[in-house]
Structure formats: structure tokens, C-alpha cells
Student: 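Please see the structure below; I have some questions.
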Amino acid sequence: MTTVAVPVRAGAHAYPSATPTPVRLALLGVGQVGGALAALVARPPLSHQFHVESGLVRDLARERPGAEHLQLTANLRHALGGQPQPQIVIEALGGIEPALTLVLTALERGIPVVTANKSLLAAHGDVLIDAAGRAGVPLRYEAAVLAGVPFLGTFARRALARDITGFCGIVNGTTNFMLSRMAAGRTGFAEALAEAQRKGYAEPDPANDVNGVDAVEKLAVLLRHFGDWSVRTQDVDAQGIAAIEGDDLAAAVEFGGTLKSIVAADWREGSLSAFSGPSFLSDSHPLARVNGVQNAVSLRNRLSGDLFFAGAGAGPDVTAATLLDDAAEMCGETPRAEAPRTWKRATPSAPATGWFVRVSGDRLPADTSIADLCSAYGVWLRRTSEPRGDAPGRRWFLTHPCAPSQIADALRALESAAGCDTFRARILEA
Ligand SMILES: NC(=O)c1ccc[n+]([C@@H]2O[C@H](COP(=O)([O-])OP(=O)(O)OC[C@H]3O[C@@H](n4cnc5c(N)ncnc54)[C@H](OP(=O)(O)O)[C@@H]3O)[C@@H](O)[C@H]2O)c1
């Protein structure tokens, strides 16, 4: 792939002009991200380089501050513009349909596509990347994971840097903000969520963030990008953060760490293991220091060790800027058909790890009795919390590594023997 470097001039927010006339864009979706992009492109100097010819929306009557100048359509047949056809399609619709049909149609017509849509890529990335390769047309999705941090494209032209054997990361800003607030302020889950919504970090319906759907979709995008793995999100061992309570964060501090919502994968031995969900990290882990709405990914490179990328994970303005950078890079590319990739379809195994465990109930057994019961299932405790006056009826443990089935069996037996409730999160070793 031949590319022309298109650095942004300091202070000017402009690209060296690749073409004498503005590049014609078709914008699919003029919501938060599409609206921010339209507003960015409307102002000089970017207005000399890009022109949004049409914007696809559902509701033509809705007010769209900053995007009033756009020619809008709600007709899918007009979404990809007329003749001459747009030079680049920017997909900012979200979800699967009509995004899938429109992106495939654009690629088949030879129009390069930029998207920020992790749901689409997680579910249909194989089909889309193959269609782009067949047509010899670029498909870029830098904004789909860590939207404000350009790192996915970096690896396209660097085979040795791209020799990745696993990764771990924090890829959802809403839940990272909530867990950071719960750790810092001893607030509960509901207060942290309400604060995230007040500050505009969480959607009015935060379900996909809180129940882990957003994170596992990004995990699937990263697996395909760095390992050619094709996984179904429903096959990944994934949990949300709704069961975490403020006391759990305090107990994690007592154990010298914190709880974060993590995605992780490993394929060093040729087979794939992966998980997504709340995890205990010791304070020395690089991801333990990633707080608030920040996101980060640590990639394990076979030759050079860990590569760490961190920064803004979302936000309409940063996402729009990343989409436009993708579009600008495409302007210098020479179309070239590529052989179809060989996707490795897999059901990831859930790795054996240590576990952070909370046990709560009115009449908890002594720690030694809990340890004895767990050991009968191959689960060995490595630390127990000090009794706390402010959390009577609650104890926390760290275990040595064991299979998910072993900890599940041990805790089920404990719940039934002692009439208690339990919660567990994985331990992510540094
Ligand atoms: N928001 C962020 O910070 C962020 C960050 C990274 C990635 N992303 C990704 O960017 C994409 C867009 O996110 P967003 O936050 O901008 O979403 P949004 O505010 O809900 O905007 C979606 C836009 O698509 C239009 N649309 C949706 N379904 C349509 C349909 N069937 N026909 C025609 N138009 C349709 C909507 O039209 P109406 O306006 O008429 O409803 C709206 O303009 C998603 O893939 C998201 O995951 C977002």
C-alpha cells in the first residue's frame, strides 16, 4: 500500500492539499460524531479541503446545531450521493443496518470508506475487509477503538511492529470513569453512573457500556486487526461492571491495587484465550494508572515487548478528527486489490487467572473454613482482607490462578453451605 504522509500543520489544522478541489464526502449519520465532523469541515481551512455533499439522517426535522448548512436526506437510496459519486464515504450511523449495506455498496462502487462503528466491525469485519481488498479500496476504522488515539493504522505498514501476540486494555471510558470515581470518592455504582451521565460521559441509555457490550465489541475489533482472529462476541467470557460496589474498590486498595474493566487476549501458544470484564490490577500495573474517561491498550510485541497507547477513548470532537485524519490519509493512496485474508475463526478459551472475591452474608464462616472449602475445589486463597467495622458481614480474598470452572464451583458450594452471596473479578497480572 502506498501512502502519502499528511501531517497536520501546527496551529492551522490543515492538510497539505492532495487535490486542487475539495474532496467530496458523503456523510452517513449526522448525530454526535457526524454533527461534529460537519461542523469541523464547515470552517476554513478544512472547508478548502473537504466538502460534505450529503448527510444521511433518520429524522429530517431534528435541529442540528453546526450542521444546518448540510444537504440532508433520509432516503437510503440517496445516501451515497448522485453523479459524480462521492470520493469518500464517512459512516457515523452506528449499529449494523443500514450501515452494513451502505458500506458494502460504497466499497463495491470503488468508494473508500471511513467508519467509527465498532459494532459493525465486530460483527462483519471479515466481510467488509475482504470486500475492500477485492475492490482495492481503502477501509479505515481508526476511530473504532481508542477513538482519539491513532494507533491501529500505524501497524498497517510495519510487519515487525505488527507481530503482536496479545494485548490488554481499558477501552470503555464511561465505565473507567465510574470505577475511578468509586475508587476515589467511595461512592456507589448508582452515584458514579449519575455523575457520568451529568458530565455527558455516559449515554442516556448506558446499558451497552455498563453490561460490557461496547468493550467486547472493541475486543473483537482488536483481535481481528492484530491477530486475524474472527470471533463472535457472544463466545467471549464477558461481564459488565454492574455487580461492583464501592466497598469492593476499598478492598482492592487494601490489597494494593484497584478494579478496572479490562479486555485481554493472548495467542502466544497458537490458540486464543480472551476475556472482557472487571479485573483486579496491582498498583504497579500500567493500566492501574489510567483513570477517568481515558482509555489505554498495551500490545505485546514478540520482538520489542510491550507497546503502550493511551488517551481519549471517545467524544464527538476527537472521533470526528480521527475520521477526518483517516479520510485525509486515503486521499494519497493508490488503489490496489489485495488477496483475501485468512481469518482464524475461533471460540476463545477463558484463561485461568487469580481471582478477587467478595463474600457477604449475615453469618460468614471463619476464613480458615472458607479456605478449606475452596481448596477442595482446587482454589487456593493467597490473601484475605482485614475485618472492617464499616463493612460487617463482608470479606474479600485474592486467590491463586485457577480455571473459571473451579472458582465457579467453589463459590457455588460456599454460597450453598454458608447461605452467603459472592462476587468475583479476575486478577490481571502485570
Ligand atoms: N459518540 C462518540 O463519542 C463516539 C466515539 C467513538 C465512536 N463512535 C461511533 O460513532 C458512530 C456514531 O455515534 P454517535 O454517537 O454519533 O451516534 P448518534 O448520535 O446516535 O448519531 C447517529 C446518526 O445516524 C443517523 N441514523 C441512525 N440510524 C439511521 C437510519 N436507519 N437511517 C438514517 N439515519 C440513521 C441518526 O439520524 P437522526 O439524527 O435523524 O436520529 C444520527 O444522525 C457509532 O458507530 C459509534 O459507536 C462514537
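Whatever order the structure lists them in is the order used to number ligands and atoms, beginning at 1.
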Student: Using a 3.5 Å cut-off on N or O atoms only, is Gly315 in polar contact with ligand 1?
Tutor: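 Yes; at least one N/O pair falls below 3.5 Å.
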Student: Do any N/O atoms on Gly313 end up under 3.5 angstrom from N/O atoms on ligand 1?
Tutor: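 No: no nitrogen or oxygen of Gly313 is under 3.5 Å from one in ligand 1.
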Student: Geometry only, no angles: is Val30 polar-contacting ligand 1 at N/O separations under 3.5 Å?
Tutor: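 N/O-N/O distance under 3.5 Å: yes.
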Student: In Å and rounded to the nearest 0.5 Å, what is the CZ to CG distance from Arg300 to Asp266?
Tutor: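 So the CZ of Arg300 and the CG of Asp266 are separated by 4.5 Å.
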Student: How far is atom 13 (O) of ligand 1 from its nearest protein heavy atom, and which residue and atom name does that atom have?
Tutor: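 Checked against all protein heavy atoms, atom 13 (O) of ligand 1 sits closest to Val33 CG2, 4.0 Å.
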Student: Is there side-chain contact between Leu152 and Leu222, with heavy atoms separated by less than 4.5 Å?
Tutor: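 Contact flag for Leu152/Leu222 side chains = yes.
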Student: Atom 12 (C) of ligand 1: which of Gly34, Ala92, Pro98 has the nearest heavy atom?
Tutor: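 Heavy atom nearest to atom 12 (C) of ligand 1 belongs to Ala92.
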Student: Does the protein place any heavy atom closer than 4.0 Å to atom 34 (N) of ligand 1?
Tutor: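 Given the 4.0 Å limit, the answer for atom 34 (N) of ligand 1 is yes, a protein heavy atom qualifies.
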Student: Protein heavy atom under 4.0 angstrom of atom 20 (O) of ligand 1, is there one?
Tutor: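 So atom 20 (O) of ligand 1 lacks protein heavy-atom neighbours under 4.0 Å.
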Student: Ignoring hydrogens, what is the shortest heavy-atom contact between Ala288 and Ser282? Give both atom names and the distance.
Tutor: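 Residues Ala288 and Ser282, closest heavy atoms: CB-O, 3.5 Å.
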Student: Check each heavy atom of Thr319 against ligand 1 and say whether those closer than 4.0 Å belong to the side chain, the backbone, both or neither.
Tutor: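 Within the 4.0 Å criterion, Thr319 contacts ligand 1 through side-chain atoms alone.
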Student: Go through the side-chain N and O atoms of Thr233 and Glu217 and say whether any donor and acceptor fall under 3.5 Å apart.
Tutor: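 There is no such pair (donor and acceptor under 3.5 Å, judged by atom type) between the side chains of Thr233 and Glu217.
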Student: What is the nearest protein non-hydrogen atom to atom 32 (N) of ligand 1, stated with its residue, atom name and distance?
Tutor: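 That would be Arg58 CG, 3.8 Å.
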Student: Please check if the side chain of Asp409 supplies one atom and the backbone of Gln406 the other of a donor-acceptor pair under 3.5 Å.
Tutor: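 Pair absent, no side-chain N/O of Asp409 close to backbone of Gln406.
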Student: So, regarding Arg64 and ligand 1 (criterion: nitrogen or oxygen to nitrogen or oxygen, under 3.5 Å), is there a contact or not?
Tutor: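 Yes, at least one N or O pair falls under 3.5 Å.
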Student: Do Val149 and Val297 have side chains that get closer than 4.5 Å, going by heavy atoms?
Tutor: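 Side chain of Val149 against side chain of Val297, heavy atoms only: no contact under 4.5 Å found.
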